[in-house]
Amino acid sequence: MEKYYHSVTLDKEKCRGCTNCIKRCPTEAIRVRDGKARIIGERCIDCGECIRVCPYHAKVALTDPLDSIYEFPYRIALPAPTLYGQFKNTDITAILIGLKELGFDDVFEVARGADYVSAFVKEAMKDKERKKPAISSACPAIVRLIQVRFPELIDNIINIESPMEIAARLAKKEFSRKKGVKEEDIGAFFITPCAAKMTSIRNPIGIERSWVDGAISILEIYGPLYNKIANLKNDEDLLQTASPYGILWANSGGESSSLGVDNYLAVDGIQNVIRVLEEIEDDKLTDLEFFEGLACSGGCVGGPLVFENGFVAKNRIRKLAEKAKGEDLSTEEVMYTKEKIQWYFEKEILPKPVMKLDDDITLAMKKMEAIERIYEGLPGLDCGSCGSPSCRTHAEDIVRGYASEMDCVFKLREKVKELAQQMIEISEKIPGGKTNNNE
Amino acid sequence: MTDKNQIMKQKYPIEAGNFTLAGEASGQIKKVLKQLGVDSNIVRRVTVAAYEAEMNMVIHSVGGNLTLQVTPDRITVIAEDRGPGIPDIDLAMQEGYSTAPEMARELGFGAGMGLPNIKRCADILNVHSKMGEGTLLEAHFDIKAR
């Protein structure tokens, strides 16, 4: 596997080398070089902010095509609860049946997976030894953000698998038992609003290998699924199993409210999440028990790969959740499931200290001083024309050896002025003995 | 390669009573230390101490400077203000003791945890104060071998 797999990538043809994405990236992972954006692999957390802000749609999320499901003899769809909010006046059952008509043999609601995760997290929160606040691991972009920018908070992350993984495991086990087929013949496909989830399938955190075989974006499936739902032939009595709480995981605060914790914070939008993580890191929120941070505005409903306006979808999800038929999980069911599947991280989450200037602190200090010196000489407009998001990062890039001072248009203009001055001075120094023949 | 005498200094002016800027200096200090690759637990302790020192100056002093000083084996946060000074340092070191004015208390400060918190975070803390002249606080942190 590549060292850094990322779902978020650049469509070079479409990129005009503007400054929109570099200025919005929360980990300063994008630069414009030679007129095109470049994503720094080790810094990118796949949050999808650049996909949202690019006016030329040059930032794209790689997901799997719908056809890819036929690589497996048996296929299960794992719809994110966000999918339910995409269609007007459509109940969940119709969406689930529509998915089956698209070629899936079975459907397992990720919202039901969320019900299990809620139960697991609830129990984990009882552990008195646990670092407070416990930080939700639901949003993979936030987990990656913590690896890159808040390594001190890694131990606060709840080491429990995501609803998608739990759903995939339960779905495969159940289907294999019911139909008597081998688990490796079953393909589980996540219907995703999120680029970071795609990355988590290929390059998971906390586990060796994902049980999910592919991700199909909601944007890709929306059209075909819409057609199926509009002309549903099948009126099978398909069971909708997720509880209201599980469905509400699509919205910011959904996970938190399922836990019955009194003192929690649910924050959405990656810049907002960063502000709160800073406070947690500075020990300012000492009485906080649980923190849910979601990279997208409004929660997963605001994901970069959705069709419907996130706020509209959020309201629909709320209404659909009220009518959801799924029941709460019994203690026995939770216990039994814990024995049946791997439900917690088997691998440690490691920090990714990509912001540091050097492994050797003396060298890092020297670089820091060089940065300060260069930064002093830059105009401080943060215009982004040099290709770095701010004058400060430009200075860092120069010291790291990735840019030159002359990439700054203001510096360049100064230099040109200086050179012009020198040329005039030189031209005036033509030796007196020589006549000017240019008339 | 290691130059034990190498020293890096960054100075941040602190304005008295300005809650808009409050926290900015310690935020900068945190960013610098993270870039220097200092162990995250030490970064956290320095930042908490720097923030408390910064807030102390914003709330109690007439203004001053917060200075970050880094050598390869030690980080020092120096808070130096121009007055009015702490009448009884031992008392001020006690948890829960506070002379914060109403304005600061309304903002949730003044729990009397400032100096005790700095003491808890730092490896060594020195505070010198002279009434009418000002306070000099020095919090030292050892960068342990990783």
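Order of the sequence lines fixes the chain letters, A, B, ..., with proteins taken first and strands second; residue numbering starts at 1 for each chain.
A/Phe345 CZ: more than 12 foreign heavy atoms inside a 6.0 Å radius. By the 6.0 Å contact criterion, CG on A/Asp262 is open, its count of non-hydrogen atoms from other residues, nucleotides or ligands being 12 or less. For CZ of B/Phe19, the number of neighbouring non-hydrogen atoms (other residues, nucleotides, ligands) closer than 6.0 Å is greater than 12. Remark: B/Lys119 NZ is loosely packed, at most 12 non-hydrogen atoms of other residues, nucleotides or ligands lying under 6.0 Å away. Other residues, nucleotides and ligands contribute only 12 or fewer heavy atoms inside 6.0 Å of the NZ atom of B/Lys9. Within 6.0 Å of CD on A/Glu348 lie no more than 12 heavy atoms contributed by other residues, nucleotides or ligands.
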> Between B/Val70 and A/Met368, does a side-chain contact (heavy atoms from CB on, under 4.5 Å) hold up when you go through it step by step?
Replying inline: CA-CA 11 Å; B/Val70 185; A/Met368 182 64 80; over 6 Å; no
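Using a 4.5 Å cut-off between non-hydrogen atoms, the part of residues 136-160 of chain A that approaches chain B consists of A/Arg149, A/Phe150, A/Pro151, A/Glu152, A/Leu153. Inspection of non-hydrogen atoms places B/Arg44, B/Thr47, B/Val48, B/Tyr51 of residues 44-53 of chain B under 4.5 Å from chain A.
Here the CD-CE distance, from B/Gln6 to A/Met365, works out to 4.5 Å after rounding to the nearest 0.5 Å. Residue A/Asp282 holds its CG atom at 3.5 Å from NZ of B/Lys30, rounded to the nearest 0.5 Å. To the nearest 0.5 Å, atom CE of residue B/Met8 and atom CD of residue A/Glu372 are 7.0 Å apart.
Nearest approach of B/Leu36 to A/Ile361, heavy atoms of both residues: O-CG1, 4.1 Å.
Interface residue B/Val32: backbone and side-chain heavy atoms are both found under 4.5 Å from chain A. Using a 4.5 Å cut-off between heavy atoms, A/Lys284 contacts chain B through its side chain alone, with no backbone atom that close. For A/Glu278, the parts sitting under 4.5 Å from any heavy atom of chain B are the backbone and the side chain alike.
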